[in-house]
2 protein chains.
Amino acid sequence: MFSIGQLSKATGVKVPTIRYYEEIGLLPQPGRNAGNQRRYGQDGMDALGFIKHARDLGFSLEDIKALMGLDGHLGDDCAEADRIARSQLANVRDRIRKLEQLASELERISHLCDGGNGGCCKVLTALGDHSQCAGEHG
Amino acid sequence: MFSIGQLSKATGVKVPTIRYYEEIGLLPQPGRNAGNQRRYGQDGMDALGFIKHARDLGFSLEDIKALMGLDGHLGDDCAEADRIARSQLANVRDRIRKLEQLASELERISHLCDGGNGGCCKVLTALGDHSQCAGEHG
DNA sequence: TCTTGATGCTCTAGTGACTAGAGGCCCTAC
DNA sequence: GTAGGGCCTCTAGTCACTAGAGCATCAAGA
């Protein structure tokens, strides 16, 4: 049996976050000891590990709820799990594409100040004027 | 003179968002007409354009507030504007790096289901088990 | 056994950057 | 004059937490 603090240390999820996950129904309510403190078993540990990993992979809590709801009964739901994973991959790729455009735009803006000399505050002008941008962004 | 709706159409910033920017002190309070409706001039349009572009580039409202505060008096502040832009660039590059790790991880997970056959729900197992990951992420 | 300090509990409120809705006033075109 | 769109303020909700108040409980040492 683990206390919430031990669970926190083991998984790297902060204590208030664990309570928050319980509150929104993502983590099942654990048993309590005589003093009303939460006591978790291995299943609680596993569930929280699953959530942590999926969060690190950028899944929303909504996605994770869906994935965990599926976990019990496999079969067809496998397709659903795969769909969620793939849609998340597409999402991540899209974000990368957009961020790359932003990076090149920011590089351009930063170079305006390279010398540190005279008309240097083109940085502010460039930020204010989208028409100077090379490509699309936003 | 523009109404808030005209400003919204011209800049692509939604009406409630414009009011929100005003509320938090990012946009100066515009004049009002006899019926208490906001009326903007070209300076309001420019300010909102600046904010919109900077937001599209991923700057926080806090950053933008700093950049706009600097706008009046150039000189030394140029260095500050450049610092903010460069730190934003570093930030974006870092996010790209992390997302690329996530993408490769998600690709690996998705491939577990390629056949659509038998032991397909390795997707859920993989999501739950960080030790299967190739590299670092999160 | 007593004490002390860490850990735990619940509850409320705050974060950033908006978004949605209620309930009402104003403006413009016909 | 009237219809319908736009505008006003205010409150509350979103996501995924985070911080703090004020109190209870637990474990280890004296």
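Scope of the values below: all heavy atoms of this structure, side chains included, with no hydrogens, waters or symmetry mates. We name chains A, B, ... by the order of the sequence lines, and we start the count at 1 in each one. All values reported here derive from a predicted model rather than from experimental measurement.
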With 3.5 Å as the limit, what N/O pairs link the protein to nucleotides 1-3 of chain D?
none

Got a list of side-chain donor-acceptor pairs under 3.5 Å for residues 26-35 of chain B, not counting sequence neighbours?
unit_1 : atom_1 : unit_2 : atom_2 : d
B:R32  : NH1    : B:N36  : O      : 2.9
B:N33  : OD1    : B:G35  : N      : 2.9
B:N33  : OD1    : B:N36  : N      : 3.1
B:N33  : OD1    : B:Q37  : N      : 2.8

Min side-chain heavy-atom separation A:L48-A:Y40 under 4.5 Å: no
What pairs of donor and acceptor atoms, side-chain ones from residues 10-21 of chain A against any protein atom, are under 3.5 angstrom apart with sequence neighbours left out?
unit_1 : atom_1 : unit_2 : atom_2 : d
A:T11  : OG1    : A:L7   : O      : 2.8
A:T11  : OG1    : A:V13  : N      : 3.3

Can you give the first and last nucleotides of DNA chain C, 5' to 3', that have an atom under 4.0 Å from a heavy atom of chain A? C:dG8 to C:dT10
Hey, is the side chain of B:R19 poking within less than 4.0 Å of OP1 or OP2 on D:dC10, counting only N and O atoms? no
Taken to the nearest whole Å, OH/A:Y21 to P/D:dT18 is 8 Å
Could you walk me through whether B:R38 and B:S3 pass side chain to side chain contact (heavy atoms under 4.5 Å, CB included), step by step? CA-CA 6 Å; B:R38 291 166 179 82; B:S3 72; over 6 Å; no
Spatial distance of atom CZ (B:F50) from atom CE (B:M68) [nearest 0.5 Å]: 6.5 Å
Just how far is it from atom CG of A:D43 to atom CE of A:M45, taken to the nearest 0.5 Å? 10.5 Å
Rounded to the Å, how far apart are A:I24 CD1 and D:dA16 P? 8 Å
Please list, by residue number, the residues of residues 5-18 of chain B whose heavy atoms come closer than 4.0 Å to an atom of DNA chain C; answer none if no residue qualifies. B:K14, B:T17
Nucleotide D:dC8, atom P - distance to CD of B:E23 in whole Å: 13 Å
Establish, with yes or no, whether the OP1 or OP2 oxygen of D:dC7 is under 4.0 angstrom from a side-chain nitrogen or oxygen of B:S3. yes
Could you tell me whether a side-chain N or O of A:K65 sits under 3.5 Å from a main-chain N or O of A:G25, the two making a donor and an acceptor? no
Heavy-atom pair with the smallest gap, counting every atom of A:A103 and B:L89: O-CD1, 3.4 Å
Pairwise distance CD(A:E100) to CZ(B:R93) - rounded to 0.5 angstrom: 11.0 Å
Euclidean distance, atom OH of residue B:Y20 to atom P of D:dC8 [Å, nearest integer]: 18 Å
Proximity to DNA chain C (any heavy atom under 4.0 Å), residues of residues 25-41 of chain A only: A:R32, A:N36, A:Q37, A:R38
Begin with the C-alpha distance, continue with both residues' side-chain angles, and end with the deciding distance and a verdict on side chain to side chain contact (heavy atoms under 4.5 Å, CB included) for B:R86 and B:R83. CA-CA 5 Å; B:R86 278 174 203 277; B:R83 194 193 58 72; 5.9 Å; no
